[in-house]
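Residue numbers count from 1 along this sequence.
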Amino acid sequence: MKLEEERIEAEKNLVKEEAQQLAQIFETVRSFKVKQKCGKGKLIFGSVTAQDLVDIIKAQLQREVGKRIVELLEIHETGEYIAELKLYPEVTVRIRLNVFAN
C-alpha cells in the first residue's frame, strides 16, 4: 500500500513539474497573434474560441494542450484579450491574445 501511495505521489510531482515548465514557456512567449477576416469596424467574421487558441499553441510551440484547460470567452472583435490556462490545480498561467484584421 505504502509503495503504491509513494508511486502515485511521485507521478503527481512529475506532472506538476511538467506543468510548471510549460508555464515558464508561456510566460516567455507572453502573447499570441490571431489574424481574422474583418467586417465593418472591429467586428470579425466568426469568432476566436478556446479551440482556436489550442491550435495556435500547437502550431507555434509544438505543444499539445487540451481545450478544457483554456478559459476564454468567444471573441467577436479585434483587440487584445487575456486567456487563462489551468495547467495543474496549483499552476495557472495568463497569456495575451492579440486579434487583428487579416
**Message:** Before you tell me yes or no, could you show the steps for Q36 and V99 under side-chain contact (heavy atoms from CB on, under 4.5 Å), namely the whole-Å CA-CA distance, both residues' side-chain angles and the distance that decides it to 0.1 Å?
**Reply:** CA-CA 7 Å; Q36 291 289 104; V99 181; 4.3 Å; yes
**Message:** Using the side chain to side chain contact (heavy atoms under 4.5 Å, CB included) definition, which of the options N102, I56, N98 pairs with V34?
**Reply:**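 Filter result, single survivor: I56.
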Just so I know, are the side chains of [X] and [Y] near enough to count as touching, which here means a heavy-atom distance under 4.5 Å?
X	Y	answer
L87	T92	no
I95	I82	no
Y81	R96	no

Which atom pairs, one a donor and one an acceptor, fall under 3.5 Å between side chains of residues 63-78 and the rest of the protein, sequence neighbours left out?
residue, atom, partner, partner atom, Å
E64, OE2, K58, NZ, 3.2
E71, OE2, K86, NZ, 3.2

**Request:** With sequence neighbours excluded, tell me which residues meet side chain to side chain contact (heavy atoms under 4.5 Å, CB included) with E6.
**Result:**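 In terms of side chain to side chain contact (heavy atoms under 4.5 Å, CB included), with neighbours along the sequence ignored, E6 is linked to K2, L3.
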Side chains of residues 9-32: which donor-acceptor pairs under 3.5 Å do they make with residues two or more places apart or in other chains?
residue, atom, partner, partner atom, Å
E11, OE2, R7, NH1, 2.3
N13, ND2, E9, O, 3.4
T28, OG1, Q24, O, 2.8

**Request:** Using the test side-chain hydrogen bond (donor to acceptor under 3.5 Å, both in side chains), find all partners of E5 that sit at least two apart in sequence or belong to another chain.
**Result:**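 Checked E5 against side-chain hydrogen bond (donor to acceptor under 3.5 Å, both in side chains); zero matches.
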List the atom pairs, with distances to 0.1 Å, where a side-chain N or O of residues 38-51 and a protein N or O form a donor-acceptor pair under 3.5 Å, not counting sequence neighbours.
residue, atom, partner, partner atom, Å
T49, OG1, Q51, N, 3.4
T49, OG1, D52, N, 3.4
T49, OG1, D52, OD2, 3.3
Q51, NE2, D55, OD1, 3.0

